[in-house]
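First up is the structure itself, then whatever we jot down about it.
Atoms considered below: every heavy atom in the structure, side chains included; atoms not considered: hydrogens, waters and symmetry mates. Residue numbers run from 1 in the order of the sequence given.
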Amino acid sequence: MATDEDSEDYFVREIEKNDGSVLRIYQCSRGDVGCVVWDAAIVLSKYLETEQFYSVQPRVSTWRSKNIVELGAGTGLVGLVAATLGGGNVREFLPHPHYILMADCIYYEQSVEPLVETLKLLAGPETCVICCFEQRTVGVNPEIEKRFFELLLQEFQSEMIPSEKQDPEFNSPDIHILHLRRRVH
């Protein structure tokens, strides 16, 4: 937790949930991937609260008692939101969970193959991988995304979630949400 003397190194990101509660995340002012609340993590977190998964009245939650693995969401916002929505077991690694939540993982070239292999190892036949990523159009990122999906779609089916099924306020044309499931061979 940041102290007064650390205040220039951190700032607070407040994420208001649909039930009115607020998650306060201390984000580093400088740093790399694990220090940031990424926009894709916010979009995915808000998607987890949409009507198809969660209803404040009468507190019905798809997430209740589900085993969930979170991969690569920076400061852990997505896993924290899933836990507050009733996720029974939110961990970094758990074989054959009900859901794998991943936000903004398609970024570094050297992580593409290990990420696909991790998904293949973790995802069982009933696992739904919810992948949220920001489509980047500069540098090597388009090639990284292309390579990731070439490898991924050999083993997984993909369904793009349209913006009308996402949170009406927290979505963006350059941030995509996919549901992925293992192909039946």
Side-chain angles (χ1 to χ4, degrees), residues 12-25 27 36-107 115 118-119 122-136 145 148-149 152-153 155-184:
V12 177
R13 293 288 302 260
E14 292 188 347
I15 311 299
E16 184 174 350
K17 292 180 51 219
N18 293 349
D19 65 4
S21 63
V22 176
L23 291 173
R24 295 171 49 103
I25 308 285
Q27 177 174 311
V36 178
V37 179
W38 296 102
D39 291 344
I42 295 171
V43 169
L44 181 52
S45 294
K46 297 304 284 184
Y47 176 65
L48 301 182
E49 290 189 279
T50 59
E51 288 181 0
Q52 60 202 329
F53 296 115
Y54 184 76
S55 174
V56 175
Q57 302 296 335
R59 296 184 100 38
V60 176
S61 174
T62 297
W63 310 111
R64 185 153 320 283
S65 302
K66 297 292 193 250
N67 292 324
I68 300 168
V69 170
E70 176 195 26
L71 294 177
T75 58
L77 174 65
V78 175
L80 291 170
V81 169
T84 66
L85 296 173
N89 207 345
V90 180
R91 296 191 178 173
E92 289 182 6
F93 297 102
L94 186 71
H96 306 308
H98 297 101
Y99 291 92
I100 297 172
L101 307 175
M102 52 184 276
D104 242 351
C105 291
I106 311 164
Y107 190 76
L115 178 58
T118 298
L119 290 172
L122 287 176
E126 303 300 318
T127 302
C128 178
V129 179
I130 304 178
C131 172
C132 185
F133 69 100
E134 183 172 351
Q135 187 170 25
R136 293 172 173 90
E145 286 174 20
F148 173 77
F149 286 110
L152 182 79
L153 295 177
E155 297 290 330
F156 289 84
Q157 313 178 99
S158 174
E159 174 193 358
M160 178 74 75
I161 305 304
S163 60
E164 28 323 324
K165 288 192 170 187
Q166 299 177 32
D167 184 275
E169 183 179 349
F170 293 92
N171 67 66
S172 172
D174 60 340
I175 296 179
H176 306 287
I177 300 175
L178 306 171
H179 284 201
L180 307 167
R181 295 193 181 270
R182 292 293 302 251
R183 290 189 183 277
V184 179

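- A side-chain donor-acceptor contact under 3.5 Å links Gln135 and His176.
- By the 30° and 60° cut-offs, the orientation of the rings of Phe53 relative to Tyr47 is perpendicular.
- The side-chain contact (heavy atoms from CB on, under 4.5 Å) test with Leu122 is passed by exactly one of Thr127, Val69, Val129: Val69.
- Remark: the Lys46 side chain and the Asn18 side chain contain an N/O donor-acceptor pair separated by less than 3.5 Å.
- Phe156 has its ring centre no less than 6.0 Å from the ring centre of Phe149.
- When side chains are defined from C-beta on, Lys17 counts as touching Thr84, because their heavy atoms get closer than 4.5 Å.
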Worksheet item: What's the verdict on side chain to side chain contact (heavy atoms under 4.5 Å, CB included) for Tyr107 and Arg136, showing C-alpha distance, side-chain angles and the deciding distance?
Response: CA-CA 9 Å; Tyr107 190 76; Arg136 293 172 173 90; 3.5 Å; yes

Practice prompt. For the pair Phe133 and Ile177, evaluate side chain to side chain contact (heavy atoms under 4.5 Å, CB included) and give the outcome as yes or no after the intermediate values.
Written response: CA-CA 7 Å; Phe133 69 100; Ile177 300 175; over 6 Å; no

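- Screening Leu180, Leu101, Leu152, Leu44 against Cys131 for a side-chain contact (heavy atoms from CB on, under 4.5 Å) leaves a single residue, Leu180.
- Leu48 has its side chain within reach of Val78: a pair of non-hydrogen atoms, C-beta onward, lies under 4.5 Å apart.
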Worksheet entry | Worked check of side chain to side chain contact (heavy atoms under 4.5 Å, CB included) between Val43 and Asp167 | CA-CA 8 Å; Val43 169; Asp167 184 275; over 6 Å; no

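- A salt bridge is absent between Glu155 and Arg183: the closest approach of a Lys/Arg side-chain nitrogen to an acidic carboxylate oxygen does not fall below 4.0 angstrom.
- Taking OG1 of Thr75 as the reference point, atom CG of Leu80 lies at 7.5 Å (rounded to 0.5 Å).
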